[in-house]
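Below: the structure, in C-alpha cells.
Keep in mind that this is a model prediction, so the values were computed, not measured. Both backbone and side-chain heavy atoms feed into the values below; hydrogens, waters and symmetry mates do not. Below, chains carry the letters A, B, ... as their sequence lines are ordered, and counting in each starts from 1.
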Amino acid sequence: MEGGLGGNTVPPNSMDKSKVLDVKPLRTLVPLFPEASEGTPFVCVPPNGPFPSGFSPFFPFSGSQGSQSTPDLNQNDFNSTAVPLRSFRAEPNGQNTYGSHKHKSAGSSSVKKKAKRIKDSEFVLTALSNFNPGISLSERDDGNRELVENVLLRFDALRRKLSQMEDARESHSSITKRADLKAGNMMLSKGVRTNMKKRIGVVRGVEIGDIFFFRMELCLVGLHFPSMAGIDYMVNKGDLEGEPVALSIVSSGGYDDDAEDPDILVYSGQGGNASRDKEASDQQLVRGNLALERSLHRANEVRVIRGLKDAIHQTSKVYVYDGLYKIQESWMEKGKSGCNMFKYKLVRVPGQAVAFATWKSIQKWKEGLSSRVGLILPDLTSGAESIPVSLVNEVDDEKGPAYFTYFPTVKYSKSFKLVQRTFGCTCHDACQAGNSNCSCIQKNECDFPYTANGILVCRKPMIYECGPSCPCFRNCKNRVSQTGFKVHLEVFKTRDRGWGLRSWDPIRAGTFICEYAGEVIDEIKARQDGGDGENNEYVFHTNRLYESFKWNYETELVGEEGSDSTEDFDIPSPLTISAKNSGNVARFMNHSCSPNVFWQPIMYEHNNEAVLHIAFFAKRHIPPMTELTYDYGIPHSNETESNNAAYGRKKCLCGSPKCRGYFY
DNA sequence: GCTATCTCACCTTG
DNA sequence: CCAAGGTGAGATAG
C-alpha cells in the first residue's frame with residue numbers, strides 16, 4: 001500500500017488505448033475524448049490479489065475491555081529476525097528480562113514511575129485522572145496496524161490542539177512551545193501507546209515506508225524509544241556478559257553520513273560532540289556505540305529510520321521507517337574536530353518494500369537529475385497552480401484522462417447563489433491567533449482554525465477563513481485553503497481504478513491538499529444530467545451519508561469539560577459541485593473505504609458575499625507516492641432507490657480491510 | 001540485592 | 001543560535 005512505486009508492472013485489463021490523443025495542455029482543449037462509457041476510471045473488475053501486506057485482520061479495539069488475544073498471524077517478531085540470540089531466551093524464572101514489564105496489577109512499576117515523573121505538572125494529572133486509553137495492557141505490549149494508526153492519530157490531534165493553545169497565548173518568550181513533547185508525555189503517561197516491549201526486528205503494525213514528524217511518534221508506536229538519542233538498544237541482564245544489542249537507529253543527517261546507494265547507510269557513533277561548555281572529544285565505546293559493535297558481531301537486524309528535511313515545512317523534519325538493516329562493518333576515523341569517531345556501515349536486508357529509495361528518486365526528479373518514467377505532461381494545470389502537477393502513466397499506454405478544462409477553484413453560476421451578506425474582519429496586519437477582536441476568529445468559536453504552520457487543528461461544521469474582502473495581509477495565517485496547494489501532486493494511472501492522485505511530498509495529518517473545484521450545480525439538475533450513472537462521475541456532494549470518524553482531539557485530554565462532541569456535521573446548505581467539464585486535481589481522487597483524506601467546508605468573503613468551498617485535508621500522515629483517497633459517501637436511501645441508475649453502484653477496489661464492497 | 005533519587009548525554013524542536 | 005525539554009542509563013545512597 002504505502003510507498004508503492006514501481007513494483008510489478010502487470011498490464012491491467014486492457015482497454016482500447018488506440019484512441020489516445022496527442023498531448024497538449026489540457027486546460028485549453030475542448031473535450032473530445034471518448035464517451036464516458038469507455039475508459040471510465042471506475043471499471044468494475046474483481047479485486048485482484050490479497051490485501052496489502054501488514055494489514056492484520058480487522059481487530060476493533062474500541063471496546064475498552066482488554067481482549068487478550070491479539071491476533072498474531074505472520075508477524076512473529078522473533079521468528080522473522082531469524083537470529084537466535086541467547087539473550088532472548090527466557091530466564092530461569094521464565095521472565096523475558098528486559099522491557100517486558102510485569103502485569104502484576106494496574107499499578108505496575110512503570111506506570112507508577114510515570115505518574116511520579118509528572119507529579120509537578122498538576123495540569124496533566126488532574127485532567128487525566130479518569131481517562132481510559134482504550135488500549136489493553138497486552139495491546140500496549142504488542143501492537144497491530146490499527147493500534148499504531150490510532151495512537152498516531154490521537155497523538156497528532158492532541159499535539160495540534162496544544163499548539164493551538166500555545167499560539168493563542170500572549171507570546172512572551174518564556175513560554176515553551178513544545179506541544180510535541182507535551183502531547184507525547186500525556187500519551188505515554190496515560191497508556192495511549194503500543195509495542196512497549198522492546199524487540200529486535202519487525203514492530204507489529206509499523207510498515208516500511210511509514211512516516212513520522214516527531215521523535216515522540218517513534219516512541220509511541222514502539223519503533224524507537226529514546227526521544228533524542230539516535231541509537232536504541234537493550235541490555236539483557238539475563239545474559240552473563242550483559243551485552244547491549246542495538247535495536248534501531250535514527251539517521252538525522254546531523255553527521256554527514258551520505259551514501260549514493262539508498263540501501264546503504266554509514267552511521268556515526270554517538271557522543272564526542274562539542275557543545276556550549278564542552279570541547280569535542282573522542283567517542284567512547286559505550287552505550288549505543290557498544291550496542292552497535294555487539295550487534296555487528298551478533299548480526300542481528302537493526303531498524304533504520306531516516307530523518308530528512310520536510311519539503312513543505314523546510315524547518316522541520318520527516319522520519320521515514322526504512323525497514324531492517326544489518327551492520328556490515330565498523331571502523332574508527334578522525335572527525336572534523338580531529339577526534340575519533342565510530343562509523344558503522346549498515347546494509348539493507350534485501351527483499352523489503354521500497355521506502356527511502358522512493359524518496360531518493362523523487363529528489364532526483366525534482367532536481368531534474370533523472371526523468372520521471374512514464375511522464376506524459378510535466379504540468380497538467382498549464383501553470384494554473386503555483387506548483388506543477390505531473391501526469392504519469394507507468395501502467396499502460398493510455399495517454400491521459402478525458403479532456404476537461406483545468407480550473408483551480410469553485411464556480412458559482414449566476415442563477416445559483418449560496419450566499420449570505422456578511423463582512424470580513426477589520427484587522428490591518430496578519431490576524432493573530434489570540435486576538436479576540438478579530439471577527440473571523442470569532443466566527444470560528446474564537447479558535448484559530450490552523451496552527452502557525454498552516455495545519456488544520458480540528459474538523460468543524462464550518463471553518464471561516466479571512467477572504468478577499470478582509471483588509472488583513474494576504475499572508476494572514478487564516479487563508480490556508482485559498483492560497484493554492486503546497487504539495488507536489490501527480491495524477492497517475494492506477495492499476496485497476498483509472499486515474500488517481502498522489503503526492504511526491506510527504507504530507508502531515510491536517511495538511512491542506514486542495515479544494516474541490518468545479519461548477520456548483522443544483523442537486524436536481526445533477527440527477528437529471530447524470531441520467532446514465534456514468535456521467536455522475538466527477539461530481540461532489542455534501543449531502544450524502546458519510547461514515548463517521550473521529551479526528552479531533554479528545555476533550556478530556558486537555559482538561560475541557562463535557563464529552564467529545566460528535567464529528568458528524570450537517571451542511572446547512574447542501575452543495576453539489578460538478579467537475580465534469582472543468583475542475584482541478586481533486587476530480588481525480590478516488591474513493592476508498594479507509595481514506596487518507598477528508599473534506600471540510602470552508603467559507604470566506606468574496607465581494608461581500610460568503611462563498612462556500614470544499615477543502616481536502618490529510619487525515620493522517622501520508623508517505624510520498626501513496627494514493628490520496630476520500631470517502632465518496634452514500635446517497636440517501638430515497639435517492640438510491642428512486643434513482644438507482646443515476647447513482648449507479650460501483651464495485652469498490654480500495655482493498656482496505658474495512659471495504660464496504662461498493663461505492664457510488 | 002533492591003529501590004529511590006540524582007546526573008548526564010542524547011543525530012530534538014521552533 | 002539557543003534554551004527548554006523527555007528519556008533512560010548509570011551512579012550513588014540508603
Side-chain angles (χ1 to χ4, degrees), chain A residues 98-99 101 109-110 112-121 124 155 159 162-163 166-167 169 171-189 193 196 198 212-220 222 224-237 242-258 265-281 283-284 286-292 304-310 313-320 335-336 341-344 346 451-455 508:
Chain A
Y98 194 93
H101 57 262
S109 61
S110 67
K112 251 188 278 174
K113 192 176 158 197
K114 283 280 147 44
K116 203 161 270 172
R117 200 168 245 295
I118 56 167
K119 65 172 176 251
D120 43 342
S121 128
V124 174
F155 166 80
R159 188 195 61 79
L162 294 171
S163 279
E166 296 287 2
D167 289 347
R169 297 215 321 232
S171 56
H172 22 16
S173 53
S174 65
I175 289 168
T176 108
K177 298 188 78 175
R178 290 299 301 271
D180 57 319
L181 296 180
K182 200 184 271 178
N185 191 345
M186 290 163 86
M187 302 277 288
L188 292 171
S189 65
R193 63 182 302 183
M196 250 176 112
K198 284 203 170 192
F212 307 87
F213 290 85
F214 294 92
R215 288 288 298 262
M216 271 301 189
E217 295 178 318
L218 304 177
C219 174
L220 289 169
H224 183 91
F225 286 76
S227 58
M228 288 175 138
I231 306 168
D232 196 7
Y233 58 98
M234 62 192 225
V235 184
N236 200 318
K237 289 167 190 134
E243 287 190 337
V245 192
L247 304 175
S248 55
I249 56 173
V250 180
S251 153
S252 290
Y255 302 64
D256 35 289
D257 32 40
D258 219 14
L265 173 65
V266 176
Y267 193 83
S268 307
Q270 62 186 190
N273 291 319
S275 68
R276 201 159 27 101
D277 38 29
K278 210 179 58 173
E279 296 272 296
S281 58
Q283 291 186 341
Q284 307 294 309
V286 293
R287 302 164 186 263
N289 299 346
L290 182 61
L292 286 172
V304 166
I305 299 109
R306 301 212 183 222
L308 300 144
K309 197 184 267 182
D310 185 354
H313 307 107
Q314 288 291 332
T315 51
S316 59
K317 247 176 211 162
V318 201
Y319 297 95
V320 192
K336 277 189 214 124
M341 296 181 86
F342 292 102
K343 292 279 181 174
Y344 302 89
L346 292 99
T451 63
N453 52 9
I455 302 281
R508 269 194 202 196

State which of [options] makes the closest approach to the side chain of [X].
X	options	answer
Arg215(A)	dA4(C), dT7(C), dC11(B)	dC11(B)
Arg178(A)	dT12(B), dC11(B), dG6(C)	dT12(B)
Asn185(A)	dG6(C), dA9(C), dC11(B)	dG6(C)
Ser316(A)	dG14(B), dC11(B), dG6(C)	dG14(B)
Tyr233(A)	dT7(C), dA9(C), dC11(B)	dA9(C)
Arg287(A)	dA9(C), dC11(B), dT13(B)	dA9(C)
Met216(A)	dG6(C), dT13(B), dG10(C)	dG6(C)
Gln270(A)	dT13(B), dC11(B), dG6(C)	dC11(B)

*Fill in the dot-bracket string of DNA chain C, one character per base: . for unpaired, | for a pair to another strand, ( ) or [ ] for pairs within the strand, taking Watson-Crick or G-U pairs under 3.5 Å.*
.|||.|||||||||

Report the distance from atom [atom1] of [X] to atom [atom2] of [Y], rounding to the nearest 0.5 Å.
X	Y	atom1	atom2	answer
Ile249(A)	Leu292(A)	CD1	CG	6.5 Å
Ile455(A)	Ser163(A)	CD1	OG	9.5 Å
Glu166(A)	Lys182(A)	CD	NZ	4.5 Å

_Under 4.0 Å, counting only non-hydrogen atoms across every strand here, what does Gly271(A) touch: a base, just sugar-phosphate, or nothing?_
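Result for Gly271(A) = sugar-phosphate.
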
_Need one value for Asn453(A): base, sugar-phosphate or nothing, where a base atom within 4.0 Å counts as base even if backbone is also close, heavy atoms only._
nothing

Rounded off to whole Å, could you give me the [atom1]-to-[atom2] distance for the [X] and [N] pair?
X	N	atom1	atom2	result
Ile305(A)	dC10(B)	CD1	P	19 Å
Asp180(A)	dG6(C)	CG	P	10 Å
Phe212(A)	dT13(B)	CZ	P	13 Å
Asn289(A)	dG10(C)	CG	P	12 Å
Asp310(A)	dT12(B)	CG	P	16 Å
Phe225(A)	dC11(B)	CZ	C1'	19 Å

*Test Ser248(A) against Phe225(A) for side-chain contact (heavy atoms from CB on, under 4.5 Å), laying out the working first.*
CA-CA 9 Å; Ser248(A) 55; Phe225(A) 286 76; over 6 Å; no

*Would you indicate, yes or no, if dC11(B) has its OP1 or OP2 atom less than 4.0 angstrom from a side-chain nitrogen or oxygen of Asn273(A)?*
yes

*For dT13(B), take OP1 and OP2 only and decide whether either is under 4.0 Å from a side-chain N or O of Tyr319(A).*
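True: Tyr319(A) side-chain N/O within range (under 4.0 Å) of dT13(B) OP1/OP2.
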
*Position toward the 5' end of DNA chain B (nearest nucleotide), Phe213(A) or Gly272(A)*: Gly272(A)

*Under 3.5 Å, side chain of Tyr319(A) to main-chain N/O of Ser252(A), donor-acceptor pair present?*
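Answer holds: no.
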
